[in-house]
Novice: 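Here you go, one structure.
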Amino acid sequence: MATLWAVSDLHAAVRANSSRIDELYPEDPADWLIVAGDVAERTELVLRILTKLSRRYAKVIWVPGNHELFSRSQDRCQGRAKYDELVEGCREIGVVTPEDPYPVFGGVTIVPLFTLYDYSFRPPGTTVEGALERAREHQIVMTDDFAIAPFVDIRAWCWDRLAYSIKRLSRVSGPTVLVNHWPLVQEPTLRMAWPEIALWCGTRHTRSWARRYNAQAVIYGHLHLPGCINVDGVDHIEVSLGYPREWEAHGHLQQWPYPVLHSDESASSALEEVR
């Protein structure tokens, strides 16, 4: 029986996480693995980890997180160009990205997404500028503002990605598993100690996607709060590893990596021609 497993937020640059990454081995040669973003910051390390995992699992499916997009002024690729560099590198090692045809596992289409955030996870009646100012007043500023925002208009990129993803999703029929680094609904962010951080955690425009596109489950990361929440009848499952202080304190879901689907048949490696 093949299994589709899922992890996120491996943060491979953290030395203590290396032993946890080394635990990631399939139980069956036909097993697949979802990696839902935040592998590392440096492109070469991201690709090194994904190469290692792709040699173990029959198929690896990756979506970017904010950490993969972090850039410095001296980097060769920044902003959108860094994402393009990562996609090209993944294709060279056979890892599926949000730009590739969607793979089908046991009759279920696995949809890797890349939607970013647009600061719309904010209190009703507040503007983006007002919400950001309130966050600064509480001394909450995300690294994204220094390592992504200087190189690209994040909101514009988010909206481009939403339009691109909807166009592709509209061509998919049958059951799906939606995979994104950022949660597709706002509810998981309500568990955070500092609600202002939700500004950097997704977009309201994806809220209906799980039901609209027949999702059997939604897989995400980013919050470092592993768990499952059911929204409108669909399980939204965070599968993050996070940092040692986190996984030592709160552990994980009942099992990590998380088993998303099982297939009695050999997992289909056919790719839907969805462009």
Side-chain angles (χ1 to χ4, degrees), residues 2-9 31-39 50 53-54 57-65 68 83 86-87 90-91 94-117 157-185 188 201-222 228-240 257-263 267-275:
T3 302
L4 171 67
W5 304 93
V7 297
S8 73
D9 297 77
D31 286 357
W32 290 17
L33 180 68
I34 290 168
V35 182
D38 278 8
V39 175
L50 291 177
L53 295 174
S54 68
Y57 290 86
K59 189 173 295 294
V60 172
I61 300 160
W62 166 83
V63 300
E68 279 97 340
Y83 175 61
L86 285 160
V87 168
C90 284
R91 286 174 169 170
V95 170
V96 178
T97 79
E99 308 311 304
D100 297 314
Y102 299 145
V104 177
F105 181 91
V108 179
T109 302
I110 314 303
V111 180
L113 299 165
F114 170 37
T115 62
L116 276 163
Y117 55 92
W157 196 5
C158 173
W159 297 332
D160 286 347
R161 295 301 311 182
L162 292 172
Y164 171 80
S165 301
I166 289 171
K167 183 177 180 179
R168 295 192 66 195
L169 280 163
S170 67
R171 300 171 183 168
V172 177
S173 60
T176 66
V177 168
L178 304 184
V179 182
N180 197 45
H181 178 66
W182 296 269
L184 297 185
V185 296
C201 292
T203 169
R204 294 176 184 171
H205 299 292
T206 57
R207 180 172 182 82
S208 65
W209 286 15
R211 292 192 65 184
R212 186 191 308 177
Y213 301 115
N214 199 20
Q216 308 303 291
V218 173
I219 302 299
Y220 70 97
H222 190 60
C228 177
I229 183 170
N230 189 281
V231 179
D232 296 332
V234 180
D235 284 342
H236 293 246
I237 307 160
E238 178 169 353
V239 294
S240 59
Y258 184 81
V260 182
L261 293 175
H262 300 289
S263 174
S268 170
S269 59
L271 299 179
E272 287 194 358
E273 293 299 327
V274 181
R275 298 292 184 181

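In what follows, residues are counted from 1 in the order of the sequence shown.
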Novice: Can you find a heavy atom in the side chain of L261 that is under 4.5 Å from one in the side chain of V177?
Specialist: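 Yes. Closest side-chain heavy atoms under 4.5 Å.
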
Novice: State which residue, out of V179, I61, V63, L169, fulfils the side-chain contact (heavy atoms from CB on, under 4.5 Å) condition with V111.
Specialist: L169

Novice: Would T97 and E99 count as having a side-chain donor-acceptor pair, cut-off 3.5 Å?
Specialist: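 Side chains of T97 and E99: no pair found under 3.5 Å.
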
Novice: Begin from the C-alpha positions of S263 and F105 and carry the test side-chain contact (heavy atoms from CB on, under 4.5 Å) through to its verdict.
Specialist: CA-CA 7 Å; S263 174; F105 181 91; 3.7 Å; yes

Novice: Distance from W62 atom CH2 to D100 atom CG, nearest 0.5 Å?
Specialist: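 The CH2 atom of W62 sits 10.0 Å away from the CG atom of D100.
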
Novice: Tell me the closest heavy-atom pair linking P101 and V96, and the distance in Å.
Specialist: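 For P101 and V96, the tightest heavy-atom pair comes out as O-CG1, 4.1 Å.
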
Novice: For a quick test of reading the model, state the closest non-hydrogen atom pair linking G107 to P175 and the distance between them.
Specialist: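 The pair with the smallest heavy-atom distance is O-CG, 3.7 Å.
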
Novice: Would you say R212 and S208 are linked by a side-chain donor-acceptor pair, where the criterion is simply a distance under 3.5 Å?
Specialist: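 Short answer, yes.
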
Novice: Which atom names give the shortest non-hydrogen contact between V104 and W32, and what distance separates them?
Specialist: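 The answer is O-CH2, 3.3 Å.
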
Novice: For H236 and I229, indicate whether the former's side chain and the latter's backbone hold a donor-acceptor pair under 3.5 Å.
Specialist: no

Novice: Is there side-chain contact between W209 and S165, with heavy atoms separated by less than 4.5 Å?
Specialist: yes

Novice: I want to check something: taking the side chain as every heavy atom from C-beta on, are F114 and H181 in contact at a cut-off of under 4.5 Å?
Specialist: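 No, every pair of side-chain atoms sits at 4.5 Å or beyond.
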
Novice: Which pair of non-hydrogen atoms, one from V260 and one from A6, has the smallest distance, and what is that distance?
Specialist: CG2-CB, 3.6 Å

Novice: Quick one: does any side-chain atom of D31 pair with a main-chain N or O of Y57 as donor and acceptor, under 3.5 Å?
Specialist: no

Novice: So does G221 get a backbone contact from the side chain of S240, meaning a donor-acceptor N/O pair under 3.5 Å?
Specialist: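 No: the side chain of S240 does not pair with the backbone of G221.
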
Novice: Just so I know, are the side chains of I110 and Y102 near enough to count as touching, which here means a heavy-atom distance under 4.5 Å?
Specialist: no

Novice: With a 4.5 Å limit on heavy-atom distance, are the side chains of L113 and P98 in contact?
Specialist: no

Novice: Output the distance between atom CG (L33) and atom OH (Y258), rounded to the nearest 0.5 Å.
Specialist: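 The distance works out to 14.5 Å.
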
Novice: Under a 4.5 Å cut-off applied to non-hydrogen side-chain atoms, are L50 and V35 in contact?
Specialist: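 Yes - at least one pair of side-chain heavy atoms lies under 4.5 Å apart.
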
Novice: For the CD atom of E68 and the CG atom of L86, what is their distance to the nearest 0.5 Å?
Specialist: 6.5 Å

Novice: Does T206 reach the main-chain N or O of T203 with its side chain, forming a donor-acceptor pair under 3.5 Å?
Specialist: yes

Novice: Within the structure provided, determine whether R204 and V185 are in side-chain contact (heavy-atom separation under 4.5 Å).
Specialist: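 Result no, sub-4.5 Å side-chain heavy-atom pair not found.
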
Novice: Angle between ring planes, W182 versus Y117, binned at 30° and 60°: parallel, tilted or perpendicular?
Specialist: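 Tilted: the ring planes of W182 and Y117 meet at 30° to 60°.
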
Novice: Report the relative orientation of the aromatic rings in Y83 and W157; use parallel for angles under 30°, tilted for 30 to 60°, perpendicular for over 60°.
Specialist: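 Judged by the thresholds at 30° and 60°, the geometry between Y83 and W157 is perpendicular.
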
Novice: Side-chain contact, heavy-atom cut-off 4.5 Å: I237 with V239?
Specialist: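 The answer is yes, as the side chains (C-beta and beyond) meet within the 4.5 Å cut-off.
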
Novice: Before giving the answer on side-chain contact (heavy atoms from CB on, under 4.5 Å), spell out for H222 and C201 the whole-Å C-alpha distance, their side-chain angles and the decisive distance to 0.1 Å.
Specialist: CA-CA 7 Å; H222 190 60; C201 292; 3.7 Å; yes

Novice: We want to know whether N180 and T115 form a side-chain donor-acceptor pair, criterion being a heavy-atom distance below 3.5 angstrom.
Specialist: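 Their side chains do contain a donor-acceptor pair, which is all the 3.5 Å distance test asks for.
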
Novice: Calculate, to the nearest 0.5 Å, the distance between atoms CD and CD1 belonging to E238 and I219 respectively.
Specialist: 10.5 Å

Novice: If you look at every heavy atom in A217 and V234, which pair is closest and at what distance?
Specialist: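 Scanning both residues completely, I find the closest heavy atoms to be CA-CG1, 4.2 Å.
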
